[in-house]
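Read the structure below first, then the notes.
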Amino acid sequence: MKWQKRYKVSIQVFILVILIVLAGSPLTVNAATINEQFKVSQGVNYKDIRFSDGETNKAVRVMEINMNDPYTSVEVGIPSVLNQVHTTTSLALDYHQEGHAVLGAINGSFFHLGTAMNLVSKNNRLVHAGEVFAGESNYVNEPIAFGINANGKGVIDYYQLEMKYIHNNKSYDITSTNKTRSPNNTILYTSHFSSQYTETNKWGTEIVVKLPSAPSLEYGSVVTGTVESIRNPGDTTETVIPKKGFVLSAHGTGSDKMKGIEIGDSIKLSIDIDEQWKNSSFMLASGPMLVEDGKVSLTMDPNSDSARTRAPRTAVAIDRTGEKVFFVTVDGRQEGYSNGINLTEFAEYLVSMGAYRALNMDGGGSTTMAVRYPGTEKIMLANLPSDGYERSVSTILMAVSTAPEQVFPDVSLVHWAFPAIMYLYNNGTISGHEDGHFRPDESISRQHAALMLTRELNLDTSNVTNPMFVDVKPTDKFYKEIAAVENEGLFQGRGDKVFAKNANLTRAEIAVIIQIAYGIPKTNDSYFSDVKSSHWASSFINAIAQSGISMGYPDGEYKPSENVTRAEFSIFINKAESQQ
């Protein structure tokens, strides 16, 4: 593929970084090759790693996501209709927009007939309850999820979902949501279901409940509705799912509990989850757990056929703090390139790379890793799926950047003055130099300060009075701007009617400008050890200190004679504007 040739590093650097010599371990890695690596963004790094244990080859992709970066997050991607499936890249691109750039994505959890098999929730609301399957040979046999909690940290842990309906002050369990009803189940159907009908057989009871509005299924919520209709066992009439309401569909023991419910009765619906998951950004259940507390720990029989088979795999992992999230894929079923990995080997590899907890996602032909390559705007497929093409899935996990565009190459997103510089840039107040750089540490001249202030304060330059500076002629490039700021009283000359247009603006002068332009109350309180009451600008400097616009330097000085840099000018104006 063309992108492989384009981005593959010219010299593969062999490193002995993954010497996992674990006695008795099925996985002993002799050497690893960094096939490709790059920084996707300030908070996201990507690696393509190849290694061999002497018998099999493995192609591993790792995306490391730093949740401490203020512009970086991990999100879940779900289709608008539960039973729709999309490729990982296409669903991720549906979420990609200005100010919300998808940097990478992996396939999510297991699905059946297009619908997620396990719990999915988003923004503290249940999307789909899914189910947990009995038997340690099943991948998802315990309720475990990956998500981002209310504190913005990654979590992989058990959850306890509680769904109940309440009638005549008695509560009854609900088995799951929006799925095929099985024997002795009680299923909650909402308008999120793929059909407008429940599509159930006649051997059950169905209660249609109307609400004032569509149920949100928010954790901790209780909504009250009225029974509108009842379909009893043997009735073949299709039950319509109301947009403002829900259907309770029960069979066997579940149906028995509905005896006594009549049309017009009040029914309450209660949805809740354990405290650690309250107000989470999202939850995506899967399994098995692969790593717990930094050690290999499978919540599945490691000797079962599904666990022992070397196959393509996908996992999500976190570090001890939850501040780092890892997307990890291993390709498989491709002799000579990558044979795949079994779950014990996978867990051992995840431990070796620093995972504190890790959860298996859907694997096989669904295993997908997409990333935004350098010089491109959108993500593209990075791994080689075993089917030879990208399979459609029901959920995905995404690494997302909300960072504003980096306009100037010398002002990174983490530069201390970045927000202020971007504020003035977006206002049209400042611009870069001809070479595209901003030069934040460069001193600002008095005439350039006049230009920027005229723009920021929207001063009239069409009807100015000549300030009669001997060094400023009406034909000069910034004559109107200099005249405008002088007419406004923001600038004075430097004696003998000299404006000193090419001289640098000082920190004392910017204090005077800020105080006058924004009407900040003066004060004689002293804030800086190097600004005495006798200093000509002391009341102006103390005014902007009292207002919090400038707190000076760490040594307690203001340094009034120092030049103002372009970054400092941006900070001064931005802080003054924010107080208006």
Side-chain angles (χ1 to χ4, degrees), residues 37-49 60-78 88 91-92 95-96 100-109 119-123 144-159 276-277 279-294 297 313-330 346-347 349-363 367-372 379 382-383 395-403:
Q37 64 178 330
F38 51 85
K39 182 182 285 292
V40 186
S41 70
Q42 192 66 36
V44 179
N45 291 294
Y46 171 79
K47 280 186 182 181
D48 176 348
I49 306 164
V60 182
R61 271 86 176 178
V62 179
M63 187 172 294
E64 181 180 317
I65 304 156
N66 180 9
M67 302 293 287
N68 274 333
D69 181 79
Y71 300 113
T72 301
S73 62
V74 173
E75 298 181 11
V76 67
I78 55 178
T88 297
L91 184 54
Y95 284 88
H96 182 86
H100 188 270
V102 179
L103 307 179
I106 57 172
N107 61 291
S109 190
L119 178 141
V120 182
S121 79
K122 189 173 182 180
N123 298 329
I144 304 171
F146 163 70
I148 304 300
N149 68 13
N151 297 319
K153 293 188 177 183
V155 176
I156 294 175
D157 211 340
Y158 291 80
Y159 65 88
Q276 74 161 331
W277 291 107
N279 298 309
S280 57
S281 173
F282 73 87
M283 296 172 63
L284 187 62
S286 191
M289 178 97 79
L290 298 173
V291 178
E292 185 173 10
D293 301 338
S297 181
R313 304 286 185 181
T314 303
V316 61
I318 60 173
D319 70 353
R320 182 185 293 269
T321 66
E323 294 168 356
K324 282 188 179 179
V325 173
F326 303 89
F327 293 168
V328 187
T329 63
V330 182
F346 201 15
Y349 178 77
L350 293 164
V351 169
S352 77
M353 57 173 275
Y356 183 68
R357 290 199 173 182
L359 185 65
N360 183 63
M361 295 283 118
D362 193 6
T367 288
T368 307
M369 170 77 79
V371 65
R372 187 180 74 180
I379 64 169
N383 73 314
T395 59
I396 63 172
L397 291 171
M398 302 176 291
V400 173
S401 173
T402 56

With no hydrogens and no angle check, do the side chains of Thr367 and Thr314 hold a donor and an acceptor under 3.5 Å apart?
yes
Any side-chain donor-acceptor pair under 3.5 Å between Asn68 and Glu323?
yes
Between His96 and Val102 (side chain of the first, backbone of the second, donor and acceptor by atom type, cut-off under 3.5 Å), is there such a pair?
yes
Find the distance between CG (Asp319) and CE (Met353) and round it off to the nearest 0.5 Å.
10.0 Å
Within the 4.5 Å heavy-atom criterion, are Tyr95 and Ile78 side-chain neighbours or not?
yes
Taking NZ in Lys122 as the centre, count heavy atoms belonging to other residues, nucleotides or ligands within less than 6.0 Å. Is the count above 12?
yes
Ala358 to Leu350 - nearest heavy-atom pair and separation:
CB-CD1, 3.7 Å
Could you walk me through whether Val328 and Val316 pass side-chain contact (heavy atoms from CB on, under 4.5 Å), step by step?
CA-CA 6 Å; Val328 187; Val316 61; over 6 Å; no
Could you tell me if the side chain of Asn360 sits less than 4.5 Å from the side chain of Pro288, heavy atoms only?
yes
Pairwise side-chain contact, Met369 with Met63, heavy-atom cut-off 4.5 Å (strictly under)
yes
Can you check whether Met398 reaches Val76 side chain to side chain, under 4.5 Å on heavy atoms?
no
Look at Asp157 together with Arg357 and state whether they make a salt bridge at an N to O cut-off of under 4.0 Å.
yes
Under the criterion side-chain contact (heavy atoms from CB on, under 4.5 Å), I'd like the reasoning laid out for Phe326 against Ile318: C-alpha separation, chi angles, the key distance, then a yes or no.
CA-CA 6 Å; Phe326 303 89; Ile318 60 173; 5.9 Å; no
Determine the minimum heavy-atom distance between Met67 and Gly322, stating which atoms define it.
CG-O, 4.2 Å
With under 30° as parallel and over 60° as perpendicular, where do the rings of Phe38 and Tyr46 fit, or are they tilted in between?
tilted
Is any side-chain heavy atom of Leu119 less than 4.5 Å from a side-chain heavy atom of Tyr159?
yes
Can a donor-acceptor pair be found, under 3.5 Å and without considering hydrogens, that links the side chain of Arg61 to the backbone of Ala382?
yes
Worked check of side-chain contact (heavy atoms from CB on, under 4.5 Å) between Phe282 and Val120:
CA-CA 8 Å; Phe282 73 87; Val120 182; over 6 Å; no
Closest non-hydrogen atom pair, Ala370 against Ile379
CB-CD1, 3.8 Å
Would you say Val74 and Val400 make side-chain contact, with heavy atoms under 4.5 Å?
no
Nearest heavy-atom neighbours spanning Leu359 and Leu284:
CD2-O, 4.2 Å
Check whether any side-chain heavy atom of Leu397 lies under 4.5 Å from a side-chain heavy atom of Phe146, and answer yes or no.
yes
Donor-acceptor contact present, side-chain Trp277 to main-chain Gly147, <3.5 Å
no
Hey, mind stepping through Glu64 and Lys324 against side-chain contact (heavy atoms from CB on, under 4.5 Å) and telling me if it holds?
CA-CA 7 Å; Glu64 181 180 317; Lys324 282 188 179 179; 3.2 Å; yes
Report the distance from atom CG of Asn123 to atom OG of Ser280, rounding to the nearest 0.5 Å.
8.5 Å
Which atoms form the tightest heavy-atom contact between Ala315 and Ile106, and what is the distance?
O-CD1, 3.9 Å
Give, for atom OG of Ser109 and atom CE of Met283, the distance between the pair rounded to the nearest 0.5 Å.
12.0 Å
Quick one: are Tyr349 and Ile49 in side-chain contact, heavy atoms under 4.5 Å?
yes
Quick check: does any side chain N or O of Asn107 sit under 3.5 Å from a backbone N or O of Thr368, one acting as donor and the other as acceptor?
yes
Could you give the distance from CE (Met361) to CZ (Phe327), rounded to the nearest 0.5 Å?
9.5 Å
Where do Phe346 and Arg313 come nearest, in terms of heavy atoms and distance?
CE2-CB, 3.4 Å
Between Asn149, Ile148, Val155, which is the residue that forms a side-chain contact (heavy atoms from CB on, under 4.5 Å) with Asn151?
Asn149
